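From a predicted model like this one, the values you see are computed outputs, not experimental measurements.
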Amino acid sequence: MSKTLCIDWGNTLVKAAIFDEGNKITDARQMSDAEAYASLQAILETHAPKGAIFCSVNKNSAEAELLISQNVEYYLKLDDNTRLPIINAYSSPETLGPDRLGIAVAAQAMNPEKNILAVSLGTCVTYNFVQKNKAFRGGAISPGLRMRLKSMHEYTDKLPEINPDGEVLLLGYDTATSMRSGAIYGMASEIDGMIAAFADQYPDFNAVLTGGDAPLFANKLKSKIFADPDLLLKGLNLILKHNVPQL
């Protein structure tokens, strides 16, 4: 057993985690694209992982991918041809974001006897459904929080560009708080509605919340839902060890 490095290179941030021999995260870091190369180099020097898996939805990751592949014994780039511990039943796997596969794998491992919906809150909101026969079926994609706020600014003449980090009230008292209310509470209602729709259609159902914006929504949902911000990284570690059992 040895250390592994899991990297999630997203549209907004890069996340990396070292897993120890017991599959526990011992070092987790979050960085920008510009900081990523140096940070990953430091992680390699500090921990000397034996294996690594790279999941990227961003074209800026090529240099860092080469760095990782040259400094570990076992390297895996997650794509639609990667062997998984679940069945990928998505009808267009070549268009599927690899991050959704990692999330689905971890969610299924946490809930092996249930139909599971993993809701990831990042640049987009993705709903990732795995049936209890271990088949990933797909789900849904909608705009994320920052995308909703930005689109209101870009598609109107007078609505300002606002930061999602600010006062959040159901009853907005000015334009900024009204926009934030609509984006955040509207998104929470969407998530609750999607969870309820899946629960009505599939018995033995559970749901899990993840992604960078998950902490902002955990206490605004009516649904009783477990939140795990590290779900994708855990899924990547499972996929790596499924492909390289000697790790």
Indicate yes or no: at least one non-hydrogen side-chain atom of Phe226 is less than 4.5 angstrom from one of Asp228. yes
Taking ring-ring contact (aromatic ring centres under 6.0 Å, His included) as the definition, give me every residue that meets it alongside Phe217, ordered by chain and number, with sequence neighbours left out. none
Hey, mind stepping through Tyr185 and Val168 against side chain to side chain contact (heavy atoms under 4.5 Å, CB included) and telling me if it holds? CA-CA 9 Å; Tyr185 282 100; Val168 180; 3.7 Å; yes
Are Leu5 and Leu236 connected into the same hydrophobic cluster when the rule is that any two of I, L, V, M, F, W, Y join if their side-chain heavy atoms are below 4.5 Å apart? no
Residues which pass side-chain hydrogen bond (donor to acceptor under 3.5 Å, both in side chains) with Arg180, listed by chain and number, not counting sequence neighbours: none
Quick one: closest heavy-atom pair of Met179 and Pro160, and the distance? CE-O, 3.3 Å
Name all residues meeting the salt bridge (Lys or Arg N to Asp or Glu O under 4.0 Å) criterion together with Asp230; count only those two or more places apart in sequence or in a different chain, and write none if there are none. none
Just how far is it from atom CG of Asn60 to atom CG of Asn58, taken to the nearest 0.5 Å? 4.5 Å
With a 4.5 Å heavy-atom cut-off, do Gln108 and Pro85 have their side chains touching? no
Under a 3.5 Å distance rule, please check whether Asn128 uses its side chain to pair with a backbone N or O of Ala118 as donor and acceptor. yes
Looking at Leu247, is its backbone amide N or carbonyl O close enough to the side chain of Ser2 to form a donor-acceptor pair, meaning the two atoms are under 3.5 Å apart? no
Mind checking what makes side-chain hydrogen bond (donor to acceptor under 3.5 Å, both in side chains) contact with Glu190, not counting sequence neighbours? Tyr127, Ser142, Arg148
Determine whether Phe136 and Ile195 fall in the same hydrophobic cluster, where Ile, Leu, Val, Met, Phe, Trp and Tyr are linked whenever their side-chain heavy atoms lie under 4.5 Å apart. no
Would you say that more than 12 heavy atoms from the other residues, nucleotides or ligands in this model lie under 6.0 Å from the NZ of Lys220, or not? yes
Considering all heavy atoms of both residues, which atom of Met31 and which atom of Ala36 are nearest to each other, and what is their separation? SD-CA, 3.5 Å
With ring-ring contact (aromatic ring centres under 6.0 Å, His included) as the rule and sequence neighbours excluded, what pairs involving residues 157-184 come up? none
Do Lys15 and Leu232 touch side chain to side chain, with heavy atoms closer than 4.5 Å? no
Following the transitive rule for hydrophobic clusters with a side-chain heavy-atom cut-off under 4.5 Å over Ile, Leu, Val, Met, Phe, Trp and Tyr, establish whether Ile239 and Phe54 coincide in one cluster. no
Under 4.5 Å between side-chain heavy atoms, counting indirect links through other Ile/Leu/Val/Met/Phe/Trp/Tyr residues: same cluster for Val130 and Leu117 or not? no
Pairing residues for Phe198 by the ring-ring contact (aromatic ring centres under 6.0 Å, His included) criterion, not counting sequence neighbours: Phe129
Got Asp204 and Glu113 here, is their nearest side-chain heavy-atom distance under 4.5 Å? no
Closest non-hydrogen atom pair, Ile43 against Pro49: O-CD, 4.4 Å
For side chain to side chain contact (heavy atoms under 4.5 Å, CB included), just list the numbers for Lys50 and Val244, CA-CA rounded to whole Å, side-chain angles, deciding distance to a tenth of an Å, and then say yes or no. CA-CA 11 Å; Lys50 190 173 183 180; Val244 190; over 6 Å; no
Partner residues of Asp79 under the salt bridge (Lys or Arg N to Asp or Glu O under 4.0 Å) criterion, sequence neighbours left out: none
Closest non-hydrogen atoms of Ser56 and Ser61, given as atom of the first, atom of the second and distance, are OG-OG, 2.8 Å
Any side-chain to backbone donor/acceptor pair from Arg137 onto Gln131? Under 3.5 Å, distance only. no
Report yes if some heavy atom in the side chain of Leu231 is under 4.5 Å from a heavy atom in the side chain of Met110; otherwise report no. yes
To the nearest 0.5 Å, tell me how far Thr82 OG1 sits from His242 NE2. 10.5 Å
Partner set under side-chain hydrogen bond (donor to acceptor under 3.5 Å, both in side chains) for Thr95, not counting sequence neighbours: Ser92
Check side chain to side chain contact (heavy atoms under 4.5 Å, CB included) between Asn237 and all other residues, then give those that pass, not counting sequence neighbours. Thr4, Cys6, Phe19, Asn23, Lys241
Heavy-atom pair of closest approach, residues Leu170 and Ser181: O-OG, 2.7 Å
Do Leu209 and Leu221 come close enough that some side-chain heavy atom pair is under 4.5 Å? yes
Please enumerate all residues that pass salt bridge (Lys or Arg N to Asp or Glu O under 4.0 Å) together with Lys77, with sequence neighbours excluded. Glu65
Check the side chains of Asp174 and Thr177 for a donor-acceptor pair under 3.5 angstrom, ignoring hydrogens and angles. yes
Would you check if Lys158 and Thr175 make a side-chain contact, meaning some heavy-atom pair closer than 4.5 Å? no
Check whether any side-chain heavy atom of Leu84 lies under 4.5 Å from a side-chain heavy atom of Leu101, and answer yes or no. yes
If you measure from CG on Leu145 to CD1 on Ile184, what distance do you get to the nearest 0.5 Å? 5.0 Å
Criterion side chain to side chain contact (heavy atoms under 4.5 Å, CB included) on Arg146 and Asp213, from CA distance to verdict: CA-CA 10 Å; Arg146 285 158 185 80; Asp213 285 334; 2.9 Å; yes
Interatomic distance, CD1@Ile7 vs OG@Ser39, rounded to 0.5 Å, equals 11.0 Å
Contacts of Lys114 that satisfy salt bridge (Lys or Arg N to Asp or Glu O under 4.0 Å) - sequence neighbours left out: none
Under a 4.5 Å side-chain heavy-atom rule over Ile, Leu, Val, Met, Phe, Trp and Tyr, are Tyr74 and Leu238 clustered together? yes
Is there a side chain to side chain contact (heavy atoms under 4.5 Å, CB included) between Asn243 and Ile53 once you walk through the steps? CA-CA 10 Å; Asn243 283 269; Ile53 181 170; over 6 Å; no
For Asp80, side-chain hydrogen bond (donor to acceptor under 3.5 Å, both in side chains) partners two or more places apart: none
Quick one: pull up CG in Leu121 and CE in Met187 and give me the separation to the nearest 0.5 Å. 4.5 Å
Nearest 0.5 Å, please: how far is CD1 in Ile116 from CZ in Phe205? 6.5 Å
Heavy-atom nearest pair, Lys3 first then Ile18, reads CD-CG2, 4.2 Å
